[in-house]
Number of protein chains: 2
Amino acid sequence: MTLQTHNRPNLVAVAKAAGVSRSTVSRVINDDPNVNAATRERVWSAIHTLDYQPNRVARGLASGRTQVLGLVIPQGVATLFSDPYFAILIQGISTACSRLDYSVMLWLAEPDHERRTIHQVLHGGLIDGVIVSSMLADDPIIAALVERRMPCVLVGRHPDHPEISTVDTDNLSGARAAVTHLLRLGRRRVATITGPQNMIAGADRCAGYSLALRDAGFSADPALIVESDFTEAGGYRAMQQLLPHHPDAVFAASDLMALGALRALQHGGLRVPEDVAVIGFDDIAAAALADPPLTSVRQSIQQLGHSAVELLLTQLDGSRITGPEHRVFPPTLVVRRSCGGDPA
Amino acid sequence: MTLQTHNRPNLVAVAKAAGVSRSTVSRVINDDPNVNAATRERVWSAIHTLDYQPNRVARGLASGRTQVLGLVIPQGVATLFSDPYFAILIQGISTACSRLDYSVMLWLAEPDHERRTIHQVLHGGLIDGVIVSSMLADDPIIAALVERRMPCVLVGRHPDHPEISTVDTDNLSGARAAVTHLLRLGRRRVATITGPQNMIAGADRCAGYSLALRDAGFSADPALIVESDFTEAGGYRAMQQLLPHHPDAVFAASDLMALGALRALQHGGLRVPEDVAVIGFDDIAAAALADPPLTSVRQSIQQLGHSAVELLLTQLDGSRITGPEHRVFPPTLVVRRSCGGDPA
DNA sequence: ATCCTCGCCGGGAGCGCTCCCACAGCGTGC
DNA sequence: GCACGCTGTGGGAGCGCTCCCGGCGAGGAT
């Protein structure tokens, strides 16, 4: 029946060994102050000699919380898995969780399974809350979560749902700073390779590009804006599309796309940064290693993950009812050779 | 108390609605054949109108299995997260699980938390079994799992533990094929950049290199073997170390290292493949996009993940007691420009 | 008619905890 | 003296399921 447990000790066993009731053992485990110091000592030693480990499933059933968080990465986004973004995010969330004695359950929501998945996530009672890393503007999963009152936090802001807590990088400012930097260096035909415009981050970074141009008194040339898909191959294609319009600088909304653009420029016989300056976004490890090293807008994905966990847990705390919180982290421009100028 | 559930219906509610006992509802949910077709129908309709979803925690407590698998990626390896390997593995395992109605719980075992983590994994009762993606030869977690009789499957073979089921790529053959290919093309000073030799895969790929040389009647020159760490930067450094010894070919034990080697070669003013041929391992997406496109040994990481889940579930099945199984998948050499010759 | 089987169903017990209430014992204040 | 608190402890009830046992009626074998 029970598959793995070969008669693991339970609360009662510990209680018997320590000569107390199971309530007292439970109190000790849960750090209830109302336990005599000597008793507490006895219980702990019984716990250790028996190598007792509380059963988290039973605890979950009795208390209504499982100390497990869900991490949902919706379909479509999961296909972008070549992007280190998700790996780092998962890492950040996972380490934050284990530090706080929570576990993380992963759902890569597939197209066909998505509906069933949502149901399980919501009603299975397996998880206390959920972190959703969707950047799709119209993602149905978010509405479903709200409706079911499942505590959740979004990674990446979402304009339609101000009532949900979010953590996000200030994509707009980051993009704006990058483009402004290019303009200051004297570039006049600054192009951009955007992410999908149905992703919030994609749209925000594009908006930052436009704002920077407006700030400097330029108007955007539609021919210099190409939408792509956050992948290297997509960046390559987009750059090829841009070449006939002779940009002297390109801001790519992700490093992967910037690397693709570099490749296209090299194939086209153009020098970076002499002929075309390039700036990416994310500052992934590969950016510094590119040839030439890629200037990029750095965001701390780890920090995003940590914050998301933190926000979710305060929400679960329940002792204080807090409204939604929206944490926005400013990215920083990391200047390297690819944008020209003088990388002091 | 219960945080999220706003009076979700339970078994009893469904039973009442359908005019049967909770046992019957349970039987219906668990596809027990001993239920009258008409009754079954009534129960299902009650389930749907009430939007009932079985509580997986309660089910787990009562039945002793939670339908949750653990995925453990030990520390040290987690720092290699820039390698797409783990992202793809996670994806493969996750999709296989959700197809089979299992969930996956992620543990990135950190150094300091590792001991506690092991305990939780083993005794928490939260998971039915665990997939361990450790390639460290001396990983203590494996011994711990065996000792506790936790059902588990390793991704990557482990010489010391034949009693545990494993899935693995035939690293030795893959490496051997790559190096043999280089030798057939007339290269005579074939170097290798190995992975850490305390990782099984690293050692196996190195052994494959040596075997290929021996097959062809050459003896390995120690100066042409440099140990590295599976990263791009590591590959770069290793290649710089190799340059003074004038290799005319390099087999790198991972694509990331091969890309690093490419970069070092370019910086050193050497042409690929004219001066030095290069072959990598894994065939990650970036391999095909490299300049020149990288010949690589392709392994299907997705397939590894799927198989791991499959093996673990048959182990959990319990209806038939099966011995350990070791599935080895042959990799294939994907020939591109970086190794020279004629990529037909 | 009796026995046994078999499909179908209900209810008790229990999984291992948490939570609440009860209660003993002691001290404090009037 | 009694009322009241406060600390420390025990036990009942219950979380929402699964599993097992037992029972009921229908049908075939004897």
Side-chain angles (χ1 to χ4, degrees), chain A residues 1-43 46-47 50 52-68 120 123-126 128 318, chain B residues 1-43 46-47 50 52-68 120 123-126 128 318:
Chain A
M1 188 173 320
T2 51
L3 282 177
Q4 41 135 334
T5 60
H6 279 265
N7 280 343
R8 303 240 71 240
N10 59 15
L11 255 198
V12 189
V14 176
K16 210 167 286 177
V20 295
S21 75
R22 68 187 198 297
S23 304
T24 301
V25 179
S26 175
R27 272 187 278 263
V28 170
I29 290 172
N30 294 301
D31 264 333
D32 187 313
N34 283 351
V35 178
N36 181 296
T39 313
R40 181 187 304 275
E41 200 60 36
R42 277 214 318 287
V43 171
I47 288 175
L50 291 178
Y52 168 74
Q53 194 76 12
N55 183 312
R56 292 183 61 182
V57 179
R59 214 196 256 235
L61 180 60
S63 69
R65 44 208 132 78
T66 55
Q67 304 258 100
V68 176
Q120 289 197 358
H123 309 310
L126 259 178
D128 292 341
Chain B
M1 188 172 321
T2 50
L3 281 176
Q4 41 135 334
T5 59
H6 280 265
N7 280 343
R8 303 239 71 239
N10 58 15
L11 256 197
V12 189
V14 175
K16 210 167 285 175
V20 295
S21 74
R22 68 187 198 298
S23 305
T24 301
V25 179
S26 175
R27 273 187 276 264
V28 169
I29 291 172
N30 294 299
D31 265 333
D32 187 314
N34 284 349
V35 178
N36 182 296
T39 314
R40 182 187 303 276
E41 200 59 39
R42 279 215 316 288
V43 171
I47 288 175
L50 291 178
Y52 167 75
Q53 193 76 14
N55 183 312
R56 292 184 60 182
V57 179
R59 215 197 258 234
L61 180 60
S63 69
R65 42 208 133 76
T66 55
Q67 304 258 99
V68 177
Q120 289 196 358
H123 307 311
L126 259 179
D128 292 341

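A note on names: the letters A, B, ... follow the listed sequences, proteins ahead of strands, and every chain is numbered from 1.
- Listed here is the closest heavy atom pair of L126(A) and T66(A): O-OG1, 2.7 Å.
- For DNA chain C, the residues of residues 14-24 of chain B within the heavy-atom distance limit of 4.0 Å (strictly under) are V20(B), S21(B), R22(B), S23(B), T24(B), sorted by number.
- Nearest heavy-atom pair across A17(A) and L50(A) is CB-CD1, 4.0 Å.
- Rounded to an integer number of Å, the gap from D128(B) CG to dT18(D) P is 14 Å.
- Across all non-hydrogen atoms, the minimal contact from R56(A) to Q67(A) is NH2-O, 3.0 Å.
- Under the 3.5 Å distance criterion, the side-chain polar atoms of R42(B) are matched with a main-chain donor or acceptor of A18(B).
- Between L126(B) atom CG and dC15(C) atom C1' there is a gap of 15 Å when expressed in whole angstrom units.
- For the pair L61(A) CG and dT18(C) P, the interatomic distance rounds to 11 Å; values are reported in whole Å.
- Of the residues in residues 31-42 of chain B, none has a non-hydrogen atom less than 4.0 angstrom from any atom of DNA chain D.
- The end-to-end axis angle of the helix from dT5(C)-dA26(D) to dC30(C)-dG1(D), rounded to 10 degrees and based on five pairs per end, is 60°.
- As rounded to whole Å, 15 Å separates atom C1' of dC17(D) from atom CZ of R8(B).
- Results of the side-chain contact (heavy atoms from CB on, under 4.5 Å) test with V25(B) over L11(B), N10(B), V12(B) single out L11(B) as the only residue that passes.
- Summarising the geometry, the separation between CG on L11(A) and P on dC17(C) is reported as 4 Å, rounded to the nearest angstrom.
- Of the side-chain N and O atoms in R59(B), none sit less than 4.0 angstrom from OP1 or OP2 of dG16(D).
- An OP1 or OP2 oxygen of dT18(C) is reached within less than 4.0 angstrom by a side-chain nitrogen or oxygen of N30(A).
- Listed here is the closest heavy atom pair of V43(B) and V14(B): O-CG1, 4.3 Å.
- Look at CD on Q67(A): it is 14 Å from C1' on dC17(C), rounded to the nearest Å.
- Nearest heavy-atom pair, L61(B) versus V57(A), reported as atom, atom and distance to 0.1 Å: N-CG1, 3.5 Å.
- Residue R27(B) contributes atom CZ, which lies 12 Å from atom P of dC20(D) at whole-angstrom precision.
- R65(B) has a side-chain polar atom (N or O) that falls below the 4.0 Å cut-off from OP1 or OP2 of dC19(D).
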Listing, residues 28-38 of chain A side-chain donor-acceptor contacts under 3.5 Å, not counting sequence neighbours, or none:
residue : atom : partner : partner atom : Å
N30(A)  : OD1  : R59(A)  : NH1          : 3.3
N30(A)  : ND2  : S26(A)  : O            : 2.8
N30(A)  : ND2  : S26(A)  : OG           : 3.3
D32(A)  : OD1  : N34(A)  : N            : 2.8
N36(A)  : OD1  : A38(A)  : N            : 2.7

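- Across the protein-nucleic acid pair, R56(A) atom CZ and dG16(C) atom C1' stand 15 Å apart, rounded to whole Å.
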